[in-house]
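In listed order, ligands and their atoms are each counted from 1. The analysis underlying the following values was restricted to heavy atoms, covering all of them including side chains, and did not include hydrogens, waters or symmetry mates.
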Amino acid sequence: MKNAHQVHRGRRDALIAQMRRHSGGGLAIVPTSPEVARNRDSLYPYRHDSYFYYLTGFPEPEAVVALVADGDGDRHVLFCREKDVDREIWDGFRYGPDAAKEIFAFDEAHPIAELDRLLPDLTADRPALFTPVGMHADWDRRIAATLNEVRGRARTGVVAPDEIVDVRGTLDRMRLVKDVQELALMRRAGEISSQAHLRAMARARPGWHEYEVEAELAHEFLRQGAQAVAYPSIVASGPNACVLHYRDNDRRMADGDLLLIDAGCEYRGYASDITRTFPVSGKFSGPQKAVYELVLAAQLACLDAVRPGASFHDYHKVAERVLALGLIDLGLIAGPLDAALESGSYRKFYMHRAGHWLGMDVHDAGNYQEKGESVKLEPGMVLTVEPGLYIRSGEGVPDEFADIGVRIEDDVAVTADGIENLTARAPKTVADVEAACGNG
Ligand SMILES: [Mn+2]
């Protein structure tokens, strides 16, 4: 059995190995996401559950993966919708259990309608049940009903699992280090999003509304085969750049505005997450340039601090240090540096962290700290590097800096000897940004 989904089978084998190590075996069972109504009989665009997809690559709703690890060996089982010609005429293709079993490299596949009937048998006499706990209320109820059903059969000699384990802990640790296939998809996601930012720089102009730029981003994402945005695009001009999760995207842009765009596509289940900030008219003003160069210096220093063996927290410290020092130089906060770092006075202008894990989810699975220690970076981990400054007008802010918001964000994979920048094609230096502006 050799096919494109062997990589998913390999991940399932790795989870089974973890189950044996943890509890001597058991049953893992992971559902995909439910479909969600938007209004009346319209649904939101369907998005699979990331844990389920990580283990299967199977894109349809109403599906569950079950993995059995016991003395007789392993079993990879898929539950999915049946073939249904009538439904397929209306809603499109579905694999059905027979084809899904072959294509997605399972040992068995059953109609999803059989799940409730087969689940107690799958669960009985296992030392442990590994499943997401508390993720979907319906799923929790189903698991509870299954366990009660198995307990109800006690007099027939079967035993319910002693241990219920939230499988997300193990899957989070697995997902934190990306494999070759994941890195290839993330490289492509980063490439598409970089080109979307280039397009936005080329097209945006004074007089346009923010949503017109959002449309340019969406155009490039879809044109290049991305399925969705990884998160709602932030297109924030002028003072809106100081609203960290700005989403209205409806302001008319003016000459002299900076435009902060935080946008990335999702490509075959993997997110990208880029921020660039550029002058709508193509030329930074003096104060805009001063703030921009400071954020860029912080971002470059952060990139230098991301390498295998370093702690996740290291580059956050670098961002705080470089930004605080620069804010003192600009006269926006009081020195000396040690006092500014101690008091956190820089947080008035830099109030978020310098980055996060990135993967299937934009704020991806994985702990940042284990046993009180910052996680050590390893090859295959992917994270964002995104310092910023947000200088809202107000007390103690000179007019020349008022309402300037700048963030610069790249996606980087940790390699054996440093990093691979997945979003390097999006311009970043003042000269490169200015050259990219307005030429579309
Ligand atoms: Mn981000």
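Taking L300 as the reference, L296, L303, K428 meet the side chain to side chain contact (heavy atoms under 4.5 Å, CB included) condition, with sequence neighbours excluded.
The tally of protein N/O/S atoms under 2.8 Å from the Mn ion (ligand 1) stands at 4.
Aromatic ring centroids of F349 and Y390 lie 6.0 Å or more apart. Checked against the 6.0 Å centroid criterion, the rings of F130 and H22 qualify as a close aromatic pair.
The environment of R392 atom CZ is sparse: at most 12 non-hydrogen atoms of other residues, nucleotides or ligands sit within 6.0 angstrom.
Looking only at distances, no side-chain donor or acceptor of S374 sits under 3.5 Å from a matching main-chain atom of S311.
Checking each of H363, M186, M381, K178 against L358 for a side chain to side chain contact (heavy atoms under 4.5 Å, CB included) leaves exactly one that passes, namely M186.
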